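Below you'll find the structure, written out as structure tokens, and then a few comments.
Whatever order the structure lists them in is the order used to number ligands and atoms, beginning at 1. Numbering starts at 1 and runs along the sequence shown. Computed from a prediction, not measured in an experiment: that's the story for all the values here.
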Amino acid sequence: MDIMPHDPPDHRLRVLFATSELYPLAKTGGLGDACAALPAALVALGADIRPILPGYVSALDTAVHKRTLGPLPGGGLLLLGRTPDSFLPVYLLDWPELFRRPGGPYQDPDKRDWPDNLRRFAAFSAAAAQLAVQGDGHGWQPDLVHANDWHTGLLAAFLALHDGPRPPSMFTIHNLAYQGNFPLAEARALGLPDALLVPDGAEFYGQISCLKAGIRYADRLTTVSPTYAREILTPEFGAGLDGLLRARAADLVGILNGIDNELWNPAADLALPAPYDARHLAGKRAAKATLRHQLGLDPAAEGPLVVAVNRLTQQKMADVVLEALPALLDQGVQVALHGEGDPGLEAAFRAAAIGRESRLAVRIGYQEALAHRLNAAADLALTPSRFEPCGLTTMYAMRYGALPVTRPVGGLADTVTDIDTAHPEATAGTGFTFDDPTAAALAGCVRRAGNLFRDPVAWRRAQRAAMGRDFGWEVSARRYLALYGDLVAPEVQTRPRFLALPPAGDPPPHAPRRPEPICLEAAE
Ligand code: ADP
Ligand code: GLC
């Protein structure tokens with residue numbers, strides 16, 4: 001075995017990636033998926049990207065190889081660990097008073113927002129800004145900071161207002177509807193800079209908006225699909241921030257999220273009774289039979305099995321799905337719904353299932369494995385949205401051979417091609433779309449899909465087209481890398497390893513599923 005006397009210098013591009021969710025350490029929705037898979041894809045392309053996440057109980061419990069780097073001047077302890085599956089290095093801000101609580105990242109166990117969320121995420125943003133400007137105290141300092149969603153909007157502001165050298169920042173909008181708005185008095189009491197508390201700062205209709213801070217102060221902006229990037233410049237989709245977004249339109253780009261093709265792979269998914277792929281669908285039939293049995297649905301029903309796995313919110317049109325249920329069941333489809341969210345909708349869905357158990361299964365809650373099993377079992381996936389920044393659920397459904405029934409907005413418009421049911425052989429459609437956000441339009445679309453379901457050859461063709469779509473991260477990860485390259489200082493741009501990235505078109509690299517050494521000399 002060759003023994004190298006010294007490790008070669010590490011010229012990789014160093015990115016601090018700030019997020020409030022990262023699967024499997026913390027997840028309430030697609031943010032957790034995207035913020036796990038993008039960094040893994042960037043590591044595979046040769047970047048040294050390190051997420052930083054609040055030290056929630058779930059994150060501290062799930063991260064492996066944790067070690068303490070030291071206290072941060074503003075409060076809290078900085079830890080460095082790894083994710084258990086992709087072995088990404090991840091910084092954790094361990095601040096028990098703020099983050100070690102029962103419940104979710106943003107809410108208590110009764111689903112009420114934590115009353116000190118501004119303090120929690122301002123503290124997290126300040127800690128990340130400190131790490132960005134001073135390094136981790138163990139030899140690592142980022143060339144660039146990439147922040148995500150309102151929880152890290154103040155990070156971009158703190159960097160921009162920092163008096164001294166600082167790395168450039170990028171801010172990704174995953175959802176404009178969650179803005180992190182809080183009373184100005186609270187911001188003042190926390191000592192946030194006065195510059196933030198004015199309309200040209202982060203003030204928003206008499207409050208402080210953490211999302212506005214990210215949009216106003218980051219050097220570069222992205223969002224998670226090209227269509228959403230255009231939509232949010234309009235009053236209809238701009239959630240009150242379209243004016244500011246139009247002012248920054250030259251700095252905004254839409255890059256479609258990918259999916260983790262290893263985690264969401266029906267050919268190797270341990271949550272399923274049997275593996276399958278586009279050419280061998282016996283495992284999908286087994287998944288349907290098993291799920292029907294487990295949920296108490298009629299095993300002999302002939303119509304399509306329609307599943308819905310989603311947050312029960314206005315965004316996801318859960319109210320319209322509820323209203324459409326009687327019409328759907330009248331068409332002879334079976335429906336299996338798994339979700340949580342609005343308590344009124346949760347109760348209404350539970351009530352709707354009473355007396356219809358063989359045709360309608362409702363499971364309120366949040367179970368990762370059940371989400372996988374539902375996609376595998378499904379013929380159709382209901383994923384309509386009033387607006388949708390990207391919509392990972394729809395991509396997962398297609399990969400699992402469940403054809404989506406959805407609306408052509410945001411990322412859904414970029415990922416689903418409507419099947420021309422009059423000439424199914426003529427197009428490579430991958431799902432069914434409808435325009436009006438109404439129960440009648442939704443039910444009409446499911447009827448159109450049900451007609452195609454009765455034509456097994458056409459159905460199989462559409463299923464193959466959907467399963468054959470490449471939703472992997474590689475192309476998009478390269479686009480992020482190119483943007484990073486534009487932003488960083490010239491001396492970083494010319495570092496040898498950064499220039500030696502594999503050219504586009506090479507076989508897709510795999511995210512490392514084993515630890516690579518991380519530079520931590522002083523702590524060893
Ligand atoms: P959003 O982030 O707006 O919720 P996405 O479709 O991008 O929408 O991502 C949703 C993610 O959350 C997917 O991984 C989906 O499987 C998951 N998910 C949503 N609801 C549930 C649930 N009740 N149980 C398990 N997973 C869920
Ligand atoms: C948000 C959006 C969703 C997107 C996800 C990941 O939660 O609602 O559309 O897929 O973020 O970017």
Side-chain angles (χ1 to χ4, degrees), residues 17 19-24 26-39 104-106 111 146-151 171-179 211 222-229 231-232 237 239 254-260 263-264 269 271 307-318 321 336-342 345-346 349 361-376 378 381-400 402 404 406-407 409-416 471 473 476 480:
F17 187 88
T19 174
S20 67
E21 297 187 26
L22 189 156
Y23 179 80
K27 167 176 169 179
T28 69
L31 179 68
D33 288 353
C35 289
L38 172 60
Y106 322 116
K111 309 238 178 85
H146 185 165
N148 294 275
D149 260 359
W150 76 259
H151 327 94
F171 183 67
T172 296
I173 301 162
H174 293 261
N175 195 334
L176 214 53
Y178 297 90
Q179 305 187 333
L211 186 75
T222 74
T223 188
V224 290
S225 70
T227 297
Y228 192 61
E231 287 172 345
I232 58 179
F237 290 98
I255 303 178
L256 190 67
N257 281 334
I259 65 172
D260 183 330
L263 209 55
W264 291 89
D269 188 332
V307 307
V309 181
N310 249 328
R311 293 185 288 113
L312 302 179
T313 60
Q314 285 281 313
Q315 176 188 348
K316 307 293 180 180
M317 287 172 54
V321 171
L337 176 133
H338 178 50
E340 64 176 5
D342 182 295
L345 286 169
E346 289 182 358
F349 275 110
V362 170
R363 296 292 180 273
I364 300 300
Y366 194 101
Q367 289 180 53
E368 197 68 27
L370 182 55
H372 285 241
R373 292 206 299 271
L374 283 162
N375 278 312
L382 280 187
T383 67
S385 295
R386 288 192 163 87
F387 64 92
E388 195 61 58
C390 175
L392 295 172
T393 303
T394 306
M395 291 193 248
Y396 299 147
M398 286 187 271
R399 178 129 163 92
Y400 279 63
T406 193
R407 288 186 67 236
V409 288
L412 302 170
D414 296 331
T415 53
V416 180
F471 293 120
W473 260 108
S476 296
Y480 276 102

>> As an exercise, identify every atom of ligand 2 less than 4.0 angstrom from a heavy atom of P389.
In response: 2 (C), 8 (O), 9 (O)
> What residue and heavy atom of the protein are closest to atom 4 (O) of ligand 1, and at what distance?
Replying inline: R311 NE, 2.7 Å
>> Is any side-chain heavy atom of P384 closer than 4.5 Å to one of V321?
In response: yes
> Counting heavy atoms only, which part of L392 comes closer than 4.0 Å to ligand 1: side chain, backbone, both or neither?
Replying inline: both
>> Can you list everything that forms a side chain to side chain donor-acceptor pair (under 3.5 Å) with T313? Sequence neighbours excluded, please.
In response: none
> Is any N or O atom of A371, backbone or side chain, closer than 3.5 Å to an N or O atom of ligand 1?
Replying inline: no
>> Yes or no: does P389 have any heavy atom under 4.0 Å from an atom of ligand 1?
In response: no
> What heavy-atom pair brings G411 and S225 nearest, and what distance separates the two atoms?
Replying inline: N-OG, 3.2 Å
> Measuring from the heavy atoms of H372, does anything fall under 4.0 Å of ligand 1?
Replying inline: no
> Can you find an N or O of A34 that's nearer than 3.5 Å to an N or O of ligand 2?
Replying inline: no
> Which atoms of ligand 2 are found less than 4.0 Å from any heavy atom of L392?
Replying inline: 10 (O)
> Which heavy-atom pair separates E231 from F237 by the least distance, and what is that distance?
Replying inline: O-CB, 3.3 Å
>> Among all the protein's non-hydrogen atoms, which is closest to atom 2 (O) of ligand 1, and how far away is it?
In response: G30 N, 2.6 Å
> Counting from 1, what ligand 1 atoms have a heavy atom of G391 closer than 4.0 Å?
Replying inline: 6 (O), 7 (O)
>> Test of understanding: given a 4.0 Å heavy-atom threshold, classify the contact between N175 and ligand 1 as side chain, backbone, both, or neither.
In response: neither
>> Starting from atom 25 (C) of ligand 1, what is the nearest protein heavy atom, named by residue and atom, and what distance separates them?
In response: Q367 O, 3.3 Å
> Please state which protein non-hydrogen atom is closest to atom 23 (N) of ligand 1 and give its distance, to 0.1 Å?
Replying inline: G365 O, 2.9 Å
>> For atom 6 (O) of ligand 1, what's the nearest protein heavy-atom neighbour? Residue, atom name and distance, please.
In response: T393 OG1, 2.6 Å
> To which protein heavy atom is atom 1 (C) of ligand 2 closest, and what is the distance rounded to 0.1 Å?
Replying inline: H174 O, 3.2 Å
> If every non-hydrogen atom of H338 is compared with every non-hydrogen atom of L374, which pair is closest and at what distance?
Replying inline: CB-CD1, 3.4 Å
> Can you tell if the side chain of M395 reaches within under 4.5 Å of the side chain of C390, non-hydrogen atoms only?
Replying inline: yes
>> Just to confirm my output: which protein heavy-atom neighbour is closest to atom 22 (C) of ligand 1, and how far is it?
In response: Y366 CD1, 3.4 Å
>> Can you name the atoms of ligand 1, numbered from 1 with element, that are less than 4.0 Å from a heavy atom of D33?
In response: 13 (C), 14 (O)
> What atoms of ligand 2 come closer than 4.0 angstrom to any heavy atom of N257?
Replying inline: 6 (C), 10 (O), 12 (O)
> Side chains of D33 and Y396: donor-acceptor distance under 3.5 Å anywhere?
Replying inline: yes
>> Taking 4.0 angstrom as the limit and counting only heavy atoms of N175, give me the atoms of ligand 2 inside it, by number and element.
In response: 8 (O)
> Minimum heavy-atom separation for A271 to H372, with atom names?
Replying inline: CB-CB, 4.1 Å
>> So which atom in T223 and which in T172 form the shortest heavy-atom distance, rounded to 0.1 Å?
In response: CA-CG2, 4.5 Å
> Could a heavy atom of Y396 be found less than 4.0 Å from some atom of ligand 1?
Replying inline: yes
> Which ligand 2 atoms, with their elements, are less than 4.0 angstrom from a heavy-atom of G391?
Replying inline: 3 (C), 4 (C), 9 (O), 10 (O)
> What is the nearest protein non-hydrogen atom to atom 8 (O) of ligand 1, stated with its residue, atom name and distance?
Replying inline: K316 NZ, 3.0 Å
>> Please tell me whether T227 and D414 have a donor and an acceptor in their side chains that are separated by less than 3.5 angstrom.
In response: yes
> Taking only heavy atoms of G30, which atoms of ligand 2 are found under 4.0 Å from at least one of them?
Replying inline: 5 (C), 6 (C)
>> Looking at K316, is its backbone amide N or carbonyl O close enough to the side chain of R311 to form a donor-acceptor pair, meaning the two atoms are under 3.5 Å apart?
In response: no
>> For a 4.5 angstrom cut-off between non-hydrogen side-chain atoms, does Y23 reach D260?
In response: no
>> Please check this pair: side chain of Q315 against backbone of E388, looking for a donor-acceptor N/O pair closer than 3.5 Å.
In response: no
> Which atoms of ligand 1 have any heavy atom of E388 under 4.0 Å away?
Replying inline: 3 (O)
> Is the closest side-chain heavy-atom distance between W150 and N175 below 4.5 Å?
Replying inline: no
>> Measuring from atom 20 (N) of ligand 1, which candidate in L312, D260, N310 has the nearest non-hydrogen atom?
In response: N310
> Would you call N257 and W473 a side-chain contact if the rule is heavy atoms closer than 4.5 Å?
Replying inline: yes
> Considering only heavy atoms from C-beta outward, does the side chain of T415 approach that of M398 to under 4.5 Å?
Replying inline: yes
>> List the residues meeting side chain to side chain donor-acceptor pair (under 3.5 Å) with E368, not counting sequence neighbours, and say none if there are none.
In response: K27
> Identify the closest protein heavy atom to atom 7 (O) of ligand 2: which residue and atom is it, and at what distance?
Replying inline: L31 N, 4.2 Å
>> I'd like to check which ligand 1 atoms, numbered from 1 as shown, lie under 4.0 Å from a non-hydrogen atom of G339.
In response: 23 (N)
>> Below a 4.0 angstrom heavy-atom separation, can you tell me which part of K27, side chain or backbone, both or neither, approaches ligand 1?
In response: side chain
> Judging by distance only, is a nitrogen or oxygen of Q315 under 3.5 angstrom from one on ligand 2?
Replying inline: yes
>> Checking a contact table here: which protein heavy atom is nearest atom 3 (C) of ligand 2, and how many Å away?
In response: E388 OE2, 3.3 Å
>> Testing the basics here: between I255 and Y480, what is the closest heavy-atom pair and its distance to 0.1 Å?
In response: CG2-CE1, 3.7 Å
> Purely on distance, is any nitrogen or oxygen of E368 under 3.5 Å from one on ligand 1?
Replying inline: no
